[in-house]
Amino acid sequence: MFCGVFSKMENMYLNKMNYKRLLKEDLDKPSKELSLYLLGKILVRKLKDETILKGRIVETESYLGGEDKGSNTFNGRRTAANEPMYMPAGTCFVYMTYGMYYCFNISSKEPGAAVLIRALEPIYGLEIMEKFRVGKRKGTNKLIKTSKLCDGPSKLCIAMNITKADFNKVDITDPENTAMWLEDDPEFDQEKIIVHTSRIGIASAGVEWANKPLRFYILNNDSVSKRDKKAEKDLESNDD
DNA sequence: AGTCCGATTCGCT
DNA sequence: GCGAATCGGACTA
């Protein structure tokens, strides 16, 4: 990728009109419903120097409160660290995991529940995303395929420069917040097939909750973090 | 493509 | 102390 040169995808994007910013009422939905609603929506990031980065949400996971053993809020647990999950729908919840990565969630309507944004299809600002991703790694300067820039919950935080310090507890629907927001894409094909499958990385929650179909992704999208071939095959056979 | 492993900080017990 | 909603590199095949 060369400086100042737009990719084909970016040029396509530039020809489109501006999309509508999502409002509080758009996100005021229970976690599972919000997970599905957010698929296809555009996450927009404006850096301090006004650089714009955009990615389409292609994979989400729901974390419920109460009974959900995979959730930080299991059994009503409420601490300073998980407080954003109890805040109004549209509140960003950014936490550190494995000592070195962030995960970005958006809280949903029910107290103690949220949606983890697991993957984006990079749409705009690819060069800058790549710079953030490559810069974070030590050693190699190897280029990263566009579809691999944001194909994981922490990769997308690096590529979009989403940090806990800047975004935890921030309302993504607040018009005053011009650093990050969500946009609708009226041209997104709502008929796209959505795969419902198990969540990633919560085996220690036990099989019952680890296996619940609370992860959702767009079928055949290259930027999905982990495909479930069995679930995809089952969809196929139901489709006849 | 699948599996294994080390990195590294923080919040909870 | 312990373990984590992960990632990338190394290795196998």
Side-chain angles (χ1 to χ4, degrees), chain A residues 31-32 34-35 38-39 43 57-86 91-108 110 112-120 122 129-165 167-169 196-217 222-233:
Chain A
S31 181
K32 206 170 153 179
L34 185 60
S35 281
L38 287 174
L39 292 175
L43 180 67
I57 298 174
V58 297
E59 180 180 354
T60 55
E61 268 178 13
S62 276
Y63 284 86
L64 316 174
E67 298 295 293
D68 182 1
K69 286 192 178 170
S71 176
N72 283 321
T73 56
F74 168 60
N75 208 17
R77 191 164 72 98
R78 185 166 185 168
T79 65
N82 68 20
E83 182 61 23
M85 292 184 75
Y86 291 93
T91 306
C92 297
F93 171 37
V94 184
Y95 66 87
M96 175 162 280
T97 189
Y98 294 100
M100 50 171 80
Y101 297 115
Y102 291 119
C103 286
F104 167 53
N105 302 248
I106 298 173
S107 75
S108 57
E110 333 92 286
V115 174
L116 170 67
I117 309 301
R118 281 199 58 91
L120 305 175
M129 291 185 194
E130 166 136 25
K131 210 166 92 184
F132 280 129
R133 286 290 315 288
V134 171
K136 187 87 179 177
R137 299 185 307 190
K138 31 185 165 181
T140 65
N141 285 344
K142 234 177 17 183
L143 295 185
I144 302 171
K145 261 176 71 181
T146 298
S147 64
K148 301 289 160 197
L149 286 172
C150 302
D151 65 335
S154 298
K155 290 183 190 175
L156 72 89
C157 285
I158 297 167
M160 300 285 277
N161 195 31
I162 299 171
T163 62
K164 182 175 178 179
F167 292 106
N168 196 39
K169 296 191 180 182
H196 296 224
T197 182
S198 53
R199 293 176 293 181
I200 305 290
I202 56 160
S204 66
V207 284
E208 187 192 346
W209 281 94
N211 288 343
K212 293 246 189 233
L214 291 172
R215 181 164 71 101
F216 310 94
Y217 67 85
D222 285 344
S223 296
V224 167
S225 70
K226 196 168 193 290
R227 296 177 57 178
D228 180 344
K229 285 177 192 163
K230 186 176 176 301
E232 292 182 10
K233 200 167 175 167

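A note on names: the letters A, B, ... follow the listed sequences, proteins ahead of strands, and every chain is numbered from 1.
Within 4.0 Å (heavy atoms only), A:G152 reaches sugar-phosphate atoms of the nucleic acid but no base atom.
No side-chain heavy atom of A:F104 sits under 4.5 Å from any side-chain heavy atom of A:L120.
The heavy-atom pair separating A:V224 from A:D151 by the smallest distance is O-CB, 4.3 Å. Of all non-hydrogen atoms in A:Y217 and A:D228, the two that sit nearest each other are OH-N, 2.8 Å. Residue A:P122 comes nearest to A:L149 through the heavy atom pair CG-CB, 3.9 Å, listed as atom of the first residue, atom of the second, then distance. The minimum heavy-atom distance linking A:F132 with A:I158 is given by the pair CB-O, 3.3 Å.
With 3.5 Å as the limit, one finds no donor-acceptor pair spanning the side chains of A:D222 and A:S147.
Rounded to whole Å, the distance from CG on A:N105 to C1' on C:dT6 is 14 Å. Between the CG atom of A:L156 and the P atom of C:dC7 there is a distance of 8 Å, rounded to whole Å. Atom-to-atom, CE of A:M85 to C1' of C:dA5 comes out at 10 Å; the value is rounded to the nearest Å. When rounded to the nearest whole Å, the span between CH2 of A:W209 and P of C:dA4 equals 18 Å. One interatomic measurement links the two molecules: CD1 of A:I144 to P of C:dC7, which rounds to 12 Å at whole-angstrom precision. Taking atom CD of residue A:E61 and atom P of nucleotide C:dA5, one finds them 11 Å apart after rounding to whole Å. Protein atom OH of A:Y95 is 9 Å distant from nucleotide atom C1' of C:dT6, rounded to whole Å. Counting to the nearest Å, the C1' atom of C:dC7 and the CD1 atom of A:I200 are 14 Å from each other.
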Exercise. Taking it one step at a time, do A:R118 and A:E61 satisfy salt bridge (charged side-chain N to carboxylate O under 4.0 Å, His left out)?
Worked result: CA-CA 7 Å; A:R118 281 199 58 91; A:E61 268 178 13; 3.6 Å; yes
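Crowding of A:K212 atom NZ: a count of heavy atoms from other residues, nucleotides or ligands under 6.0 Å exceeding 12.
For the side chain to side chain contact (heavy atoms under 4.5 Å, CB included) test with A:F93, the passing option among A:N72, A:V115, A:L116, A:I106 is A:N72; the others fail.
A 4.0 Å heavy-atom criterion places the boundary nucleotides of DNA chain B facing chain A at B:dG2 to B:dC12, written 5' to 3'.
The aromatic ring of A:Y98 sits over the base of C:dT6, with ring centres less than 5.5 Å apart and planes tilted by under 30°. Both thresholds, 5.5 Å between centres and 30° between ring planes, are met by A:Y63 relative to the base of C:dA5, so the two rings are stacked.
For C:dG3, the OP1/OP2 oxygens have no side-chain nitrogen or oxygen of A:S204 closer than 4.0 Å. In this structure, A:R215 does not reach the C:dA5 phosphate: none of its side-chain N or O atoms is under 4.0 Å from OP1 or OP2. Taking 4.0 angstrom as the limit, A:R118 places a side-chain polar atom (N or O) nearer than this to OP1 or OP2 of C:dT6.
Positionally, the nearest nucleotide of DNA chain C for A:M96 lies more toward the 5' end than for the other of A:P153 and A:M96. Between A:K229 and A:R77, the residue anchored closer to the 5' end of DNA chain B is A:K229, taking for each the nucleotide with the nearest heavy atom.
To the nearest 0.5 Å, atom NZ of residue A:K169 and atom OG of residue A:S107 are 12.0 Å apart.
Distance noted for atom P between B:dC5 and C:dA13: 14 Å (whole Å).
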Problem set entry | Base-pair map of DNA chain B as dot-bracket, where | denotes pairing with a different strand and pairs are Watson-Crick or G-U under 3.5 Å | |||||||.||||.
